[in-house]
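To start, the structure under review is shown below, and the notes come after it.
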Amino acid sequence: MPELPEVETIVRGLRPQIVGQAIRNAELLWPRTLVTPEGDKFARTIIGQRVREVSRRGKFVVLRLSVSHLLIHLRMSGDIFIKDKPVQIEKHDRLILSLSNDKVMVFNDTRKFGRAWLTKDPEAVLGGLGPEPLSEAFTPEWLGQALRSRKRRLKPLLLDQTFIAGLGNIYTDEALHLARLHPLAASDTVTPEQAGRLWRAIRQVLEEGIRRNGASIDWVYRGGDFQNYFRAYGRTGQPCPECGTPIERMLVGQRSTHICPFCQNEEL
DNA sequence: CACGAGACCTGTTCGC
DNA sequence: TGCGAACAGGTCTCGT
């Protein structure tokens, strides 16, 4: 489910409900969800700490606690809910934190890919991430130079979280379509003009995604409606919004990829 | 360094 | 109707 705009939407919803609350109890229902620390040390360490701040780094939800950080990555199917006590455990609930305001934070994750870290050194987990695409550090010049310094196909490079943090399959397809760039184009051949277009497109699709509270697909519905404004993603056979040519689906690095063969044609 | 394949999981949809 | 295959918003690890 979640890419940068979906995670940002979740963080914004979470923040006012849990900042300032103390953690009264912790239940780990699927042990593999927790990368660190081992077993019962988790509950012992987290109980009693207070939530100081809720933020996002790339696709990670970051809870700064009194003495540790709790990092959560939702991967494909993870989601976080705040519920009133008493809660009954639902199918696929993996981690439950009881708070001092009689609410409960539930991490639910159908496919069990999601992961959490409780650590005093969040940089050990987040340190390898590339720049935040909505930050000042992400400039057209930086992007152009970074693309030229590698020799990769554009789409897998944009999906690489050590290159830029936060893009996933949807927003990458959307950004490449908006920038009129082919997902297989070699990064070291992108001109400054094209890099500028890509920079604008990335900013634009992420900002619109956030404005629309993310995208809701399949059975995962969170209220976002960006899925109604997709240009390319998931629109195989439907007309390109720019030129009417049917959108085509192809495979790039094992990920399904959607392009307009007319607009995104710098490849052939 | 770049890339493909397979793994990790459960659930839904598609094709015969 | 039934049943296996394909597919899903992510990332890691291994082999070439």
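Proteins get letters first, then strands, A, B, ... in listed order; numbering begins at 1 in each.
- Taking atom C1' on both nucleotides, dG9(C) is separated from dC3(B) by 22 Å, rounded to a whole Å.
- When the P atom is compared between dC7(C) and dA5(B), the two are found 13 Å apart, to the nearest whole Å.
- Side chains of Tyr171(A) and Glu208(A): a donor-acceptor N/O pair is absent below 3.5 angstrom, by distance only.
- A donor-acceptor pair shorter than 3.5 Å can be found between the side chains of Asn169(A) and Lys155(A).
- Contact record, Thr257(A) with Pro183(A): CG2-CG, 3.7 Å, taken as the closest heavy-atom pair.
- Checking side-chain atoms of Gln161(A) against main-chain N and O of Gly166(A) turns up a donor-acceptor pair under 3.5 Å.
- A side-chain donor from one of Ser68(A) and Gln49(A) sits under 3.5 Å from a side-chain acceptor of the other.
- Between dA7(B) and dA5(C), the distance separating the two P atoms is 15 Å to the nearest Å.
- Comparing dC8(B), dT10(B), dA2(B) against the side chain of Arg111(A) picks out dT10(B) as the nearest.
- When the nucleotides dG9(C), dC8(B), dG11(B) are ranked by their closest atom to the side chain of Thr110(A), dG11(B) comes out on top.
- Following rounding to the nearest Å, His73(A) (NE2) and dC12(C) (C1') show an atom-to-atom distance of 12 Å.
- For the side-chain hydrogen bond (donor to acceptor under 3.5 Å, both in side chains) condition, the pairs that include at least one residue of residues 12-26 of chain A, sequence neighbours left out, are Glu8(A)-Arg12(A), Gln21(A)-Ser100(A).
- Listed by first and then second residue, the salt bridge (Lys or Arg N to Asp or Glu O under 4.0 Å) pairs that reach into residues 114-123 of chain A come to none, sequence neighbours excluded.
- The distance between atom CG of Asp79(A) and atom C1' of dT10(B), rounded to the nearest whole Å, is 15 Å.
- Out of dC12(C), dT10(B), dG9(C), the shortest distance to the side chain of Lys112(A) is found at dT10(B).
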Between the protein and nucleotides 4-7 of chain B, which nitrogen or oxygen pairs come in under 3.5 angstrom?
{"unit_1": "dG4(B)", "atom_1": "OP1", "unit_2": "Arg153(A)", "atom_2": "NH1", "d": "2.8"}
{"unit_1": "dG4(B)", "atom_1": "OP1", "unit_2": "Arg153(A)", "atom_2": "NH2", "d": "3.2"}
{"unit_1": "dG4(B)", "atom_1": "OP2", "unit_2": "Arg153(A)", "atom_2": "NH1", "d": "3.1"}
{"unit_1": "dA5(B)", "atom_1": "OP2", "unit_2": "Gln254(A)", "atom_2": "OE1", "d": "3.0"}
{"unit_1": "dA5(B)", "atom_1": "N7", "unit_2": "Gln254(A)", "atom_2": "NE2", "d": "3.4"}

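- dC12(C) atom P lies 9 Å from atom CD of Gln161(A), rounded to whole Å.
- The aromatic ring of Phe113(A) does not stack onto the base of dT11(C), failing the criterion of a centre distance under 5.5 Å from the six-membered base ring together with planes under 30° apart.
- Not one side-chain nitrogen or oxygen of Lys151(A) sits closer than 4.0 Å to the OP1 or OP2 atom of dC1(B).
- Ile72(A) has its CD1 atom 15 Å from the P atom of dT11(C), to the nearest Å.
- Residues satisfying the side chain to side chain donor-acceptor pair (under 3.5 Å) test with Arg148(A), not counting sequence neighbours, are none.
- Checking the phosphate oxygens (OP1, OP2) of dC1(B), no side-chain nitrogen or oxygen of Arg152(A) falls inside 4.0 Å.
- An OP1 or OP2 oxygen of dC9(B) is reached within less than 4.0 angstrom by no side-chain nitrogen or oxygen of His92(A).
- Distance from the side chain of Arg150(A) is smallest to dA2(B) among dA2(B), dC8(B), dG10(C).
- Regarding Ile217(A), its CD1 atom lies at a distance of 13 Å from the C1' atom of dC7(C), rounded to whole Å.
- Comparing the P positions of dG11(B) and dT11(C) gives a spacing of 22 Å, expressed to the nearest Å.
- Ion pairing between a basic and an acidic side chain is recognised when a charged N comes within 4.0 Å of a carboxylate O; Asp173(A) and Arg231(A) show no such pairing.
- Rounded to a whole Å, the CG atom of Asp93(A) is 18 Å from the P atom of dC9(B).
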Inset, instruction - For DNA chain B, just give me the dot-bracket, please: Watson-Crick or G-U, both distances below 3.5 Å, ( ) intra-strand, [ ] crossing earlier pairs, | paired with another strand, . unpaired. - result: .|||||||.|||||||
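- One finds a side-chain N or O of Arg255(A) lying less than 4.0 angstrom from the OP1 or OP2 phosphate oxygen of dG9(C).
- Taking atom CG of residue Asp173(A) and atom P of nucleotide dG9(C), one finds them 9 Å apart after rounding to whole Å.
- Here Arg249(A) lies in heavy-atom contact (under 4.0 Å) with sugar-phosphate atoms only.
- When distances run from any side-chain atom of Arg32(A) to the nucleotides dG11(B), dG9(C), dC9(B), the shortest one goes to dC9(B).
- Nearest to the side chain of Trp30(A), among dG11(B), dC9(B), dG10(C), sits dC9(B).
- dA8(C) atom P lies 13 Å from atom CG of Leu159(A), rounded to whole Å.
- No side-chain N or O of Asp79(A) forms a donor-acceptor pair with one of Asn108(A) less than 3.5 Å apart.
- Among residue pairs with one or both ends in residues 185-194 of chain A, those qualifying as salt bridge (Lys or Arg N to Asp or Glu O under 4.0 Å) are Lys151(A)-Asp188(A), Glu193(A)-Arg197(A); sequence neighbours excluded.
- Checking the phosphate oxygens (OP1, OP2) of dT10(B), no side-chain nitrogen or oxygen of Lys91(A) falls inside 4.0 Å.
- Applying the 4.0 Å criterion to OP1 and OP2 of dA8(C), one finds that Ser256(A) has a side-chain N or O inside that range.
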